[in-house]
2 protein chains.
Amino acid sequence: MRRFVLAITALTFSTAHADEGMWLFNDFPSAQVKQALGTAPDEKWLEKVRLGSIRLAGGCSASFVGSHGLVMTNHHCIRGCLEDLSSPERDLLAKGFYAATVEKEEKCPKIEANQLVAITDVTQAVLEATQGAEGAAYKAKLKEISAQLESACTKGDAKSRCDVVTLFNGAKFHLYQYRRFQDVRLVFAPEFDAAAFGGDPDNFNFPRYAFDASFLRVYEGDQPRPTPEHLKWSSTAAKENDPVYVSGHPGGTERALTVAQLEFNRDVALPWNLLRLAELRGRLDEWMKTSPEHYRVGQSKLRAVENALKALRGRHQAVGAKGFVEGKREEEAKLFAAAPEKTKGAWAAISTATDTRRALWAEFRMLEGAEAFASDLFAHARRLTRYAAEKDKPNGERLPEYSDSQLPQLKQWVLGKAPISKDLEKVMLTWSLTRLQELFGADDPFVKQVLGKKAPSQLAAQLVDGSKLDDADFRKEVMERPGKVEETDAMLVFAKKVDAASREIRKKMEDEHDAVVKKNGELLAQARRAVYGTTGYPDATFTLRLSYGQVKGWDKVKPLTKVSGLYERATGADPFKLADSWVKAKSRLKSDTPFNMTSTNDIIGGNSGSPLVNKNGEVVGLIFDGNLPSLAGNFGYDGRDNRAVSVHGEIITEALSKVYGAQRIVDELKAR
Amino acid sequence: MRRFVLAITALTFSTAHADEGMWLFNDFPSAQVKQALGTAPDEKWLEKVRLGSIRLAGGCSASFVGSHGLVMTNHHCIRGCLEDLSSPERDLLAKGFYAATVEKEEKCPKIEANQLVAITDVTQAVLEATQGAEGAAYKAKLKEISAQLESACTKGDAKSRCDVVTLFNGAKFHLYQYRRFQDVRLVFAPEFDAAAFGGDPDNFNFPRYAFDASFLRVYEGDQPRPTPEHLKWSSTAAKENDPVYVSGHPGGTERALTVAQLEFNRDVALPWNLLRLAELRGRLDEWMKTSPEHYRVGQSKLRAVENALKALRGRHQAVGAKGFVEGKREEEAKLFAAAPEKTKGAWAAISTATDTRRALWAEFRMLEGAEAFASDLFAHARRLTRYAAEKDKPNGERLPEYSDSQLPQLKQWVLGKAPISKDLEKVMLTWSLTRLQELFGADDPFVKQVLGKKAPSQLAAQLVDGSKLDDADFRKEVMERPGKVEETDAMLVFAKKVDAASREIRKKMEDEHDAVVKKNGELLAQARRAVYGTTGYPDATFTLRLSYGQVKGWDKVKPLTKVSGLYERATGADPFKLADSWVKAKSRLKSDTPFNMTSTNDIIGGNSGSPLVNKNGEVVGLIFDGNLPSLAGNFGYDGRDNRAVSVHGEIITEALSKVYGAQRIVDELKAR
C-alpha cells in the first residue's frame, strides 16, 4: 500500500542492464540496441537527432521542433523566465502566456540555449599536458590546457561555446562545441495549475496528469533563427511497448562511486542538503502566505526546493536501503582483487581524500558554496568582485567560470533584467546567516568577523537595504568600471570581505580532494576496463546523451494516462485544482487522448525538457520527470521499476489547439 | 577551528570507561567510584539523595531544595507552564515570574512531580508470567503482569504511582513506586533572555552563560508539602576537579543496539526525525514573525524543536562518523563468536524485526505517532476517544497508557487549563496533513479516506474551527459522559475515524517488532553477561540514576565561566541580548562569581533539571545541558570530551538575591 520506502534490492554496477545507459552520441551501442529493441539508430539518425537537441544552460534540455527556431521544453524549465517577465500586476507564472503573433514573443533575460555542433576527442592533448602532475599541480595543468583548447575552439566568437568535458572519471576528454543562442523568447506557457497539476504530492509519482510543456523561440539578428535541422512531429501516437529514445542532457550521475564515497553521500552530503532544503521549504511556504505578492515571488523557488527535496530523499533512501552499501562493498572487493597492480592504490587514495572532504565540508559549503549568504544580491556581488579580480589574469590561470569561454554567459547573468525581491532577499539572508552562526558557533573567528555584534537579521537588513545590485544598470557600471563604485554598495563591500576565506577553502577542497579523486578516478576507470573489458557509458556530465527504451509501466501501473483521468482527479483544491481553461475545454477534448506516459529510458535531472522520439527520430513526447524508483538513478539503474515520465505528444497538440487556441504553434509543429 | 564535525574515534561498548554510567541507586558501584575519585557514597548518602530527587513526568528532573516543598529545576523544563499561565497581556515566558509571597504562587496546569519512595525487584514474577511466550503473546502476558503488579502497588491511591521498568533489555524488571504530586506551583522563573542567553547558537556549546533555573513548590491539601528530606545547599563553591554527582532521570539511551539497529537509526529513524524538525523550525520561525501574539504562543515549541534538532543532528553525526558502525560490527562479531549457543539466534531475530520496522516506519509514525495529525486538539480527541474505548476493559487488557496506574496523569492532561492557540493549530495541522499526502501519495487509500476532495488547509481549518476541545469544561463533559456529545465535535469525529488504522499499525509494530526485540534483547544481555562477566548499568529508561564524575573542561575549554564573561558576550541583539534586570544589576554582582560549569558526568536528555551534588550530597549546581560531543551519548560515552553542563550554585543564589530580589528563596535554600 505505501510506496514510500523504495525497494532497491539488487542493483549491480559492473555490467549494464537492458535499457540502462546515458550513451554518448559518438559511441552509441547500436548493435546492443538492435538486439534489445529490434531496431537501432544509424549514423544519419544520430546526427539528425543531435542537431535537433538543445541544451538550456540553466540546467535543462529542449529541442528544435519547427523550422524557424521553435523550441520545446518543460514549463518547469522556464519558470525563472516567467517570473522575470512578471510584475505584481501581471503574473505569467500563474496565468500562463501565449504570443498570438511572432511580434508578441518576449525575451527571457537569463536563458541561454546551446546546440551541439561538434565533438572532438582531445584525450591525448590533455593527458600529455597533465602527465606526471599530482594534486594542485594536476589541477593547474588541467585548467591551463582546457582553457587553451576552449579558446582555440571558440576563436573569440561569442556565438560559439566550447567546453572540455571529463568523461569516465578522467579516462577520456572530449571537446564539445556549441552554437550559443542568447536571444531566446517566450512563445507559450500554460498556467501553473495545468503545468504542475498534482503539485508536490504527484511529483515523481504516477499516474500523472501534468501539462508540463512550454515553447520558446531562438533568434539571431532580431529574427527567428532558421532551423531546417529541427525534429519532425510524429503523425503516429506512441503506444505501449513502442521503442523510444531520449536525447538530452542528464546533469550528473555517480554510478562509479567507491564505498567510501557512497558512505560520504549517505552520512554527510545528502543529510546536509536534505536538512537545508526541508527548513527552506518550511520557511518559504509560511512566508509566502503572508501576502499575495510574497506568494508570487516565492513560488518558483519553493517548487524547485520541493522538487530537490523529494529527489534527494529518494536518493538518500536508495543509498541507505538495507544491503545497498554492503552489496557495493563486496563488488568493490572483487574488482580490487582482479584489478591491475598499478591501479590498486586508487581506492585508498580516494578514501583518504573523502575523509578530507568530510572535514572541509561544512566550511566549503557555507563559504564557497555561499550557503551562508543565500542571496541573489550576494551572488551578483561575488560575480562582480571576482570578475574584477580575475579578468586581467591569463586565461588559463583564472577561476574556470571566468575563463574566456564562460564570459558571455557571465555577462548575460550580470546584465539581465531579472527582478529581485528585497523582501525575499532578507528572509533568505537572515536564515543563511543564522545557519552560519548555528553551525560554526558564536565563538568561531569567521562568524565573529562576519556578524560582529549584529544579529543575523540586522546584518541582512543592512546589506540588502544598502545595495543597489538589484539594478542592472548599476551592475553594468560596476562591471565596466571596476574599482570605482564598490565602496558605495554594502553588499559589494561584504562580498569582498568574505572572498579570501571562501577562495581559501575552495583551493583546499580542490587540491586535497577534487584533484586526488579525478586523478585516481582515472585509475579506477582503467581497472574497470581491464576487468570487465568494456567502456560502457560515462557518468552523466550535463552533456548530450542518448537513452533507449520502450513505453512501459511497472508493477501494476499502466504506462499511459488519459484526458478523462485528469477530470476525475481534479478536486477543486490546490494542488489538484484544474486551470479554468481546462475546465472550459472539457467538452472539446477527446476523453481518451493519452496524457502522460512512462518509459524505461535511463534519465536523470537535466533531462527535463528532452524530446522523446520514436525509431524514426520523430517527436512523440516531452520528458518532464521520473517515477519514485528512478530517484535511485544517481547510483544505478534498475530496469524493473525505473521509469521516465513524459507528456504525450498527442495531448500537446490537442491542448495547444483546443484549450489554448494556439493553432499557429500546432501548424509549425506539423509542417512538413 | 570548526567544531561541527564530531570527533568520535574510539568509542567502545564492552567495558565502562572512567566516569561512564547512569547507575541504578540499588546497584551503585561504590568500590569503583572510590578508586576513581577517592571518595564514594554510602547507603545513607544514596537514600538521602534519592529522596531529594524529583522526576517531572513531562520529561525532566528536579530536586527538593527546601523544607517546605521547594523544588529546583530548569527554566526550559517549565516553559509549558509559563505559557499556560500567560495571556496576550501577560507574557511570563518573556518577562519571568516571581511570587513575592507564598500566597502568590500559581498552579501549573500540567506539571506532575514524582518522588521515588521504593524500588522492588520483580524480575522473578515477570519471567514466570511470560515464560515460553513469543511475539504478541509475550506482549500480552507482559502487559497483564505489569498491570497486576502496578495495581497491587498503588492500591487505588491516586497519590501513588507505580511503574514496572524493564532494565537490561528485559533481563531485569523493577517496580518503581513514586509519591505523586499534581499540585505544583510556580515560585520563580527568570526572563527568557536570561534563561536561554545565547539561544540556539550557544545550545550544546561552551563557554556558556545561561541562567537556566526555576523554582516550583509542591503542595498537598492546598498547603506546601513538608519535605525534611530535601537536599542541602552547599556552603562551599564547586571548583575544578571536585568530585560531583548527578541524580536524575536520563530519558533513554541505546548503548546496546545491534549493528542492524544502529544502521536503522542512521539511515531511517534519525533522518526522518531530522527532516521533520528542520521543516518545522522553518515554519514556526517564519510564522512567529507574522505577529507578536504568534511569536508569544510559538516560542516554547520553537525552542524545543531547535533543541531536538541540534541534539539529533549530533546523534546522527555520531552514528554516521567514519568507522563508527564498522567498529561496532567487529565488536559484535567477537561477541557473537564467544556467546553461549542458546543466545546466538538473537542477532538474526533482531535484524529481521528491524527490517519489519523499516517497512512499517512511515505508516507507524504518521498514524500511531500522530505525525499526520500534529495538533493539540487532536491529541485531546485521541485521548478522549481511546479513554472511552478502553476504560471498561480489564486493567491488563487496556492500552498501557490507559491502565489504572496511568489514569491520574491522563486526567490531569485532559482537565488541565492550558490554553490552545487555534491559529497555531491550523499551521501545524495543515502542515502535517500535507506531509501525509506527500509521503503516502494522493492515490493512497488512507489519504483518500482522510482528505477526500479537500486540500490539507481546508480540512485543517474545518477540524480546528469545528472543535470545542480547547475548552477544558467541554473535555470534562466528554470524559465523564462518553457517547453523548462526540458527534457534535469535528475533531472528535475525525479522531474516531482514523483510530482503527492507527491501532492496527501499532499492533503490527508491537507484535512484529517491539516484542521480538524485547525478547531477544534479553538473550543479548545474557550473552554480554556471559562473555564480559558484569552487569554494568542498564540503558536509561527515564528512571532515577546516579552518575559520578568531576568538574572538568576538555581540550582547551576551561570548566567554569564567570559573571564578567556574560557581560562581555552580550551584543544587544537576540539571542545575545541581556535581560534588563541583568543590565541593571551589573554593578551589584561580583565579576568573578562562577556562572556555568562543565563536568564529566554521563547524562542525557531527561537529566535536565537534575541537581549536581558534591561528595556530601549537597547541591553545588543545576544540570541543564551537555556539550556537542555529549550528543553521541545515546550510543556511547567518551570521557575525553563528553561533558555535562550546569548552572553553578553560586550564581543561582547571588542572582536570586541581587538580580531578582528573591531573598525569600535564598533564605529557604540556605536554611539549616
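Below, read A as the first sequence line, B as the second, and so on, with proteins coming before strands; counting in each chain starts at 1.
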Report the distance from atom CG of A:Asp443 to atom CZ of B:Arg208, rounding to the nearest 0.5 Å. 11.5 Å

Under a 4.5 Å cut-off applied to non-hydrogen side-chain atoms, are B:Glu286 and A:Met288 in contact? no

Toward chain B, the part of A:Phe576 with a non-hydrogen atom under 4.5 Å: side chain

Smallest heavy-atom separation, A:Gly441 atom then B:Asn205 atom, equals CA-ND2, 4.3 Å

Heavy-atom distance under 4.5 Å between the side chains of A:Lys322 and B:Arg358, does that happen here? yes

With a 4.5 angstrom heavy-atom cut-off, could you sort out which part of A:Asn203 is near chain B: side chain, backbone, both or neither? neither

Does any part of the side chain of A:Leu275, heavy atoms only, come nearer than 4.5 Å to the side chain of B:Arg313, both counted from C-beta? yes

Taking all non-hydrogen atoms of both residues, which atom of A:Ala573 and which atom of B:Gln458 are closest, and how far apart? CB-OE1, 3.3 Å

For each of A:Leu309, A:Thr290, A:Asp285, A:Val268, tally heavy-atom pairs with chain B at distances under 4.5 Å, and name the one with the top tally. A:Asp285

Ion pair B:Glu263/A:Arg266, N-O distance below 4.0 Å: no

Could you tell me whether A:Glu438 and B:Arg281 have a side-chain N and a carboxylate O separated by less than 4.0 Å? yes

Is it the case that atom CD in B:Gln462 sees more than 12 heavy atoms from other parts of the structure closer than 6.0 Å? yes

Taking every non-hydrogen pair under 4.5 Å, which of B:Asp267, B:Asp202, B:Thr430 racks up the most with chain A? B:Asp267

Sort A:Lys289 into side chain, backbone, both or neither according to what part of it lies under 4.5 angstrom from a heavy atom of chain B. side chain

Where does B:Asp200 contact chain A at under 4.5 Å (heavy atoms): side chain, backbone, both or neither? side chain

Report yes or no: does A:Lys453 contribute a side-chain atom to a donor-acceptor pair with the main-chain N or O of B:Arg569 at less than 3.5 Å? no

Side chains of B:Pro271 and A:Leu274: closer than 4.5 Å at any heavy-atom pair? no

Interface residue of largest heavy-atom contact number with chain A, from B:Val427, B:Leu277, B:Asp355, B:Leu280, under 4.5 Å: B:Asp355

Which of the residues A:Arg276, A:Lys454, A:Lys577, A:Arg329 is involved in the greatest number of heavy-atom pairs with chain B at under 4.5 angstrom? A:Arg329

Straight-line distance of A:Trp272 CH2 to B:Gln317 CD, nearest 0.5 Å: 9.0 Å

I'd like to know whether CD of A:Glu504 has more than 12 heavy-atom contacts from other residues, nucleotides or ligands below 6.0 angstrom. no

Greater than 12 external heavy atoms within 6.0 Å of A:Lys508's NZ: no

